[in-house]
Each structure stands twice: as structure tokens, then as C-alpha cells.
Amino acid sequence: MTILRVALDGPLDGLFDYLPPEPLPALELKPGLRLLVPFGRGRRLGILVGLTAESDQPPERLRRVEQVLDGHPLLAPRDLDFLHWASAYYQHPLGEVIFSALPARLRAPEALLEMDMPGVRLSAAGRALAPEDLSRAPRQRELLELLRAAPEGLALHQLRERLGESGAALRGLRAKALIEDCRLASGEHLAPVAPAAEGPALNPEQATAVAAVLESRASFRAFLLDGVTGSGKTEVYIRLIAEMLAAGRQTLLLVPEIGLTPQLRERLRARLPAVQVVLHSALNASERERGWQRAASGEAGVVLGTRSAVFTPLPHLGLILVDEEHDASLKQQEGFRYSARDLAVRRAQLAGCPVLLGSATPALETLHNARLGRYAWLCLPQRAGGASAPSIRLLDIRAQPLRAGLSPVLREAMHEQLAAGNQVLLFLNRRGYAPLFTCHACGWVGSCPHCDRRLTLHLGERRLWCHHCGWSARLPERCPGCGSEELRMIGRGTERLEDELGALFPDVAVARIDRDSTRRKGELARLLDGVRRGETGILLGTQMLAKGHDFPGVTLVGVLDLDQMLYASDFRAPERAAQLMVQVAGRAGRAERPGRVVLQTRHPEHPLLQSLLAHGYSGFAEAALAEREAAGLPPFSYLALARAEAPEAETAMAFLRAAREQAEALGEPRLAVFGPVPAPLERRAGRHRAQLLLQCADRLLMQRLLARWRAALARLKGGKGLRWSLDVDPQDML
Ligand code: ADP
Ligand code: ZN
Ligand code: ZN
């Protein structure tokens, strides 16, 4: 008897056994096929992960698979092995792990998309016709004009997107034989073009890095590419990818943010003769699925994607690159919580190929691995092409007369640079207009009714927003507490700074870059374009500015509000602050125009600032690692965080107290348990939150203990409305 072992989509632990469907499908039943199965009184989607001859279930209780959804397995055995490992390591149900690795459409019982799509193009008669001849049928004319601009044709869904429903106009044109039907390859991928640009000759450090990785191309090895901003890391990636393509191998290139993909993608496209696909969450479902298919079929030579792309099946995988490997966005913070960087290393190990982690500010974990020799450490200490590193200066702003948060020295320096035709970048890591909205008469403060947090004023929208749960309200005209009209906004976010700069520098064009100003599609590209063309004088924004983009025309960087980052409670806060500072600083200046960085602070004596200034990021990292070691914190130990939340605080705490007992019952003296305590953000979206921290110096032991512990937690009875989750290697203690 053949029994199918199935992982079901959803938060269900374990695998489920089913009998083959009847009649048997023509194709062979292999792991990686999606199945529709009866479950309870309903049905569920599952994926076949194995075949076996016997089941723990009595045969009469086994039910039959209803339907096999795919004509061939969507995942190969090596993909399933990897997902299995991820599920075990992150203590997350296998079915949910597998389905979160598939394109979203395939989480429903849908067939794979066809790779080509129905479309229309102009017929010879249509091409010969002048649009004016259709002036009596404006819809048809509009359509005709669109098609003239696209000689190879347009997909029907693209037409719908541009024109709305246009069935009647299409029928009209068809009847006059002005258009004809065609099939179009989906247009989202980048077809190979002959690469236009030759790269620069590599400098000796780059050449050494490329050679080192190529030398171990046939086996697993992890590399850290530790190179200052602008040192030519991307150039190293491109050379390596080119070598992989020449050998018929695929490369997976992971980046933390969608915002980074357009630039990189243009650069890859100009240089590499390969089908490239881009995978990130801003694509629509079918774009994403088609890209995924191109990767899985082996057609795509390069897959560029954000964190979830780490799961993309790649039959000819030869190399994994992780750019900006220190970036917290590589960690998925909800649901299936995983680190795409750590999984990339594991995946390379399973695939027997090299993995290269690149950063100007490597994570302390990664530096630790490099110092221990687990990762080969490749350094690019200088900016490529002869540019010099920016000089950094601390500016004590205590007792200084600030305007718009800018000290006289910084304002003066700005005027100077702007007058010389250079650009200035201001970094303020807080969006919105003002972080505090309060009543001058009674002291009322706008705070979120569902969280323990202040509301941020967004003046343009005339709304108060909670940045933690997304709740918002119209800006009140009068104080909700006492009815007074004397409402004040206190503090400064990027929106306010933009306003104020308009007054301080009336003749200078200002571009603001943050999540709010770039929400509309294409807006970020438009703003960056203005900067690149030199139309923008002052560029201001949040940490979005610290990521990946280069601003060669910027000669002065002002960091306005550093102090709040220095004094955050999370043990990783200093590391994040240092990375952010160095990254922002690195955006500025190029060969002919070196950059200068001014850090405004009220704590110039802070040891972090001092070590950063005196010895750069590596000096800081050295000091920070010593502190972590003394405190027994990662990377010198491993952490797991159990979070619980419920409408009543006591429900969450009671669950975690029971969880603590279970952890103690494991009887392992090397496991330390802290808590439970209320979470730093105690109330979020109307729910009370608490957490319990586990710490262990031995990773494998931690893994074994976590597996047993999680099984015990699953058996615990939670109170009313309780939700809990486990975060292995948590990045964020909120
Ligand atoms: P990173 O990724 O480390 O920030 P890039 O690869 O983007 O650095 O390189 C920064 C700039 O220097 C780019 O304009 C790139 O074209 C140029 N560059 C890179 N390598 C070299 C080289 N060997 N010689 C000259 N210019 C180079
Ligand atoms: Zn009031
Ligand atoms: Zn809230």
C-alpha cells in the first residue's frame, strides 16, 4: 500500500497521511506536488513531502487525496530538504514554511500560470491607418494609439490596466481587422540583451576577492566581503555572476529592500547577458509567479530579490550573494520568522556552493564568524576609482541656537556647499511632522487608544497616526480634554523639517525621502532622479537614505538626531546606530568631491561615538563585541524569544509563566530563562504583550531544547484570546 505524507498549509504541526486519489492520476506521485485533501469537514491544500508503506493511523481512518493540482512537482527534493531544515530551525510548522516559499497564487487551488499570455497587436491594415481616421470612435482610437507604441503587441491585462474595460473597442477594431490576436511572453522579466558596458579593471583587492570565491566554486564556503561604501562590492558581485553564467550556473542575489532593486537591476542588465528576474513583494501576484517559474525552470541566470527570494527553487544554483547583509530587513518579523541571511548560508551549505555576504558595516554576528575563521574574510578597504572616505566631525549642540534643528555651524556649512553648487544630505530618522501633539492649556497628549504610544502628527494629511499599529484619527481642532484651541506640536519629523528648510533656504529645491513621501509607485525613482540630475539642492530623509543609493553630488551630510538612537534600550541599538551613521556617511562624495559628515549630538563624550570616530566601524565593532562577550549576549550565545499577547495582560503572563515551568522542566542547566516580563511595547493594537527569553551558549543544544519546549508549549492551555509565537535568533525585542 502506498501512503502519501502531506504537509498542510496552515499552522498545523506534523505531517498527515492520505491514500492516493482514485482514479490514480497519469503522472507519478512525487514529493513537491500540491494536493487538495479532505480535512475535518472541509478541504485543505497540502504538499506531498514523502511516500511511505505504513502509517501510524489505522488504514480504515485514512482518507483519500481529492485532487493532484500540478502536472509536475513545484519543489525538488533539495528544496524540500532546505525547507524542512528551516522549519525545524525556526520552530515553525512545515506546511506553513513550504507554502510561504511558494508564490502567493499557489496557496490557493490554482494551476500554475501559463508563461505566455493572450494579447493583441496591430494588423498590417491597423499599422497603415492614421489614428485620426478613428476620430468618431475615441475608445478605439485610444487603443490604436497604445498599440502603435507597442509594435510587438500588448497583453489583454495590460490593456485593461491602462484603459479600463475596453471589450467593445477591441471588438470594434477586430471587426475591422485592424488588430489581430497574439501570444506574448510575459513582459516582467528582463530578456537577455548584449551587455553594453564593459566593467572597470578590478583593483587588486577586488581581484583577490573574485579569485577567492571562484576557487571554491565547487563546494560550500562562506565569505564576508567587508568593504567600505563605494569600494566596489557590487562590481565584485557582477564579475562573479558573469563567471557563473559562463559556467551555466544560476546566482541568487538577495537585497534587504525593494527600493534597492531598480538601481541594481539596471546595473546588472547593462552588464550581464542573461535572463534576470526580480522577486519582491511589490510585484503583483502573476508577475511574481512568472518570475518564480523562470527561476525554477532554470531559465533565469540571475534572481534578484528581497528576503523571501531565498526560497526560490534554483536547479542550477552556483552562488548566493547577500548584499547589505547587516540589514534588519533581511529578518522576517512576523508569522514564519526567519533570517534570510542565515538561511542563505545554510542553503549554500546544502547546495555545496559558495555564499558571499557583503556589507560596509557587517553585523556583529558575521564579524564574529569571520574572526573565528568560519567565514573567509575579504576586505575592500578603499573606495574604488580613487575617491576618498568622508571625514566625520562631532558637533556639540548643547546651548547652541538651533533653527529647524540645525546648529549655526551646520547651517553655515550648508550655505557654503549649496553656493558652490554641491548637494547636502540631512538625515533625520523620524517621519511625520511632529512626534508629539499636545494641549498647552491642560497638558493633554495625543496617544494611541490601542497602544502605549504617542501619536505622530502628519500635517499634510491633517491626521494623527500611530506608527505602531496604524491607527489614525483626524486632527482635532480643539483639545479633546478641555476644549482649548491652544494645541501645540512639539519636536520635529521629516515633514516639518522639509517645511522649515523651505523658509531657511528659499531658493533651494528640497527633496524629502521617507516612507510617506515615496508611497506612490514611481515616486522614489522620481525623487532620486532629481537628485542625480542635480536639480535637488537639499536631500532629507529617514533611514531610507542610508540604503544603497549613491549621491555623488553630495558633499555634506548632516546627521540631526542621533542621541535617541544611542540611548534606546535594545542591546542591538548601538550596533544599529553605528551602522546607520556609517551608511549615511558613505552615501556622500566621490573622487572629485570628497564628502564631509557632521554629527549633531548633545553627548559628544558617548563611548560609542568616540570609538566610531577614532577607529571607524571596525574599531566600534571590536569594542561592541567585547561588551557582548562580557555580557554573554549574541554572538556569544543564542537567544529565543517567546511572545504572548491577549486582551488581558494576565492571560499573556500566565501562559508565559507556564512556559517558563516547561523550560525549567527540561532540566538543562546550560539553558537560562528570563522573564516573563511585559514587552517593551506593552500594549499594541489593543492587546497586552509579554515575553520570555531563553538563552543558551550552545547552538545545537538550544535547537534540541527548543524543539522539545515548543512541543510542550503546543500542549499548554492558553487563556482567552491568547496568541503566542516563538522567535529564534530574535533581532528585535519589541
Ligand atoms: P559598493 O557596492 O561597494 O558600494 P560599487 O561596486 O557600486 O561599490 O562601486 C562604486 C563605484 O566605483 C561605482 O561607480 C563603480 O562603477 C566604481 N568602481 C568599482 N570598481 C572599480 C574599479 N576597479 N575601478 C574603477 N571604478 C570602479
Ligand atoms: Zn486641553
Ligand atoms: Zn497604536
Side-chain angles (χ1 to χ4, degrees), residues 197-210 224-241 253 255 260 263-264 266-268 270-271 321-325 356-362 378-390 437-456 463-473 476-488 532 546-553 582-583 585-592 681-689 734:
E198 275 270 321
L202 296 184
N203 63 35
E205 289 84 12
Q206 287 173 315
T208 305
V210 169
L224 164 61
L225 184 62
D226 180 356
V228 300
T229 335
S231 60
K233 295 185 293 297
T234 311
E235 194 56 42
V236 169
Y237 305 157
I238 292 173
R239 295 305 164 99
L240 288 171
I241 298 172
L253 170 50
V255 293
L260 296 182
Q263 269 192 346
L264 195 51
E266 282 320 303
R267 211 160 145 193
L268 298 179
R271 295 280 300 280
L321 304 168
V322 184
D323 193 26
E324 310 290 356
E325 63 84 33
L356 179 71
L357 312 180
S359 176
T361 52
L378 307 168
C379 292
L380 305 178
Q382 254 123 47
R383 285 195 164 186
S388 55
F437 188 63
T438 182
C439 169
H440 189 58
C442 77
W444 170 90
V445 168
S447 29
C448 176
H450 310 290
C451 305
D452 289 332
R453 284 298 189 264
R454 304 269 159 80
L455 294 170
T456 301
R463 290 191 87 77
L464 296 170
W465 278 96
C466 173
H467 285 181
H468 293 272
C469 74
W471 185 86
S472 78
E477 310 254 309
R478 294 166 171 280
C479 170
C482 72
S484 157
E485 287 181 11
E486 281 203 67
L487 294 168
R488 301 275 160 90
R532 210 160 297 129
K547 301 195 173 181
H549 311 287
D550 289 325
F551 307 112
V582 174
Q583 292 285 346
R587 302 297 137 209
R590 278 299 181 255
E592 45 329 336
L681 181 57
E682 202 274 325
R683 209 162 61 96
R684 182 172 188 251
R687 297 170 66 84
H688 291 268
R689 312 161 74 241
L734 277 186

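Start at 1 and go down the list; that is how both ligands and their atoms are numbered.
- Side-chain contact annotation: Q583 with T361, donor-acceptor N/O pair under 3.5 Å present.
- Of all the atoms in ligand 1, the ones that sit under 4.0 Å from a non-hydrogen atom of N203 are 23 (N).
- Rounded to 10 degrees, the SG-metal-SG angle spanning C439 and C442 at the Zn ion (ligand 2) equals 110°.
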Stepwise side chain to side chain contact (heavy atoms under 4.5 Å, CB included) check, L268 with Y237:
CA-CA 9 Å; L268 298 179; Y237 305 157; 5.9 Å; no

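- The two atoms that bring E235 and G199 nearest to each other are OE2-CA, 3.9 Å, heavy atoms only.
- In summary, an N, O or S atom of C448 is located under 2.8 Å from the Zn ion (ligand 3).
- To the nearest 10 degrees, the Zn ion (ligand 3) sees SG of C466 and SG of C451 at an angle of 110°.
- The ligand atoms of ligand 1 that sit less than 4.0 angstrom from a heavy atom of E235 are 6 (O), 19 (C), 20 (N).
- Under the 4.5 Å side-chain criterion, counting only non-hydrogen atoms from C-beta, V322 is not in contact with V255.
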Residue pair F437, T456: steps toward the side chain to side chain contact (heavy atoms under 4.5 Å, CB included) verdict:
CA-CA 7 Å; F437 188 63; T456 301; over 6 Å; no

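- Distances from atom 8 (O) of ligand 1 to the heavy atoms of G199, G232, A201, P200 show the closest one on G232.
- Within the structure, ligand 1 has S231 among the residues with a heavy atom less than 4.0 angstrom away.
- Using a 4.0 Å cut-off between heavy atoms, R267 contacts ligand 1 through its side chain alone, with no backbone atom that close.
- The part of L202 lying near ligand 1 is the backbone, judged by heavy-atom distances below 4.0 Å.
- Distances from the Zn ion (ligand 3) show that C469 has an N/O/S atom below 2.8 Å.
- Residues L455 and C466 share a closest heavy-atom pair of CD2-N, 3.5 Å.
- The environment of CZ in R454 is sparse: at most 12 heavy-atom neighbours from other residues, nucleotides or ligands sit within 6.0 Å.
- Judged purely by atom type and a 3.5 angstrom limit, R684 uses its side chain to pair as donor or acceptor with the backbone of H468.
- Look at C482 and the Zn ion (ligand 2): an N/O/S atom of the residue is under 2.8 Å from the metal.
- For ligand 1, the polar-atom distance check finds an N/O of Q206 within less than 3.5 Å of one of the ligand's N/O atoms.
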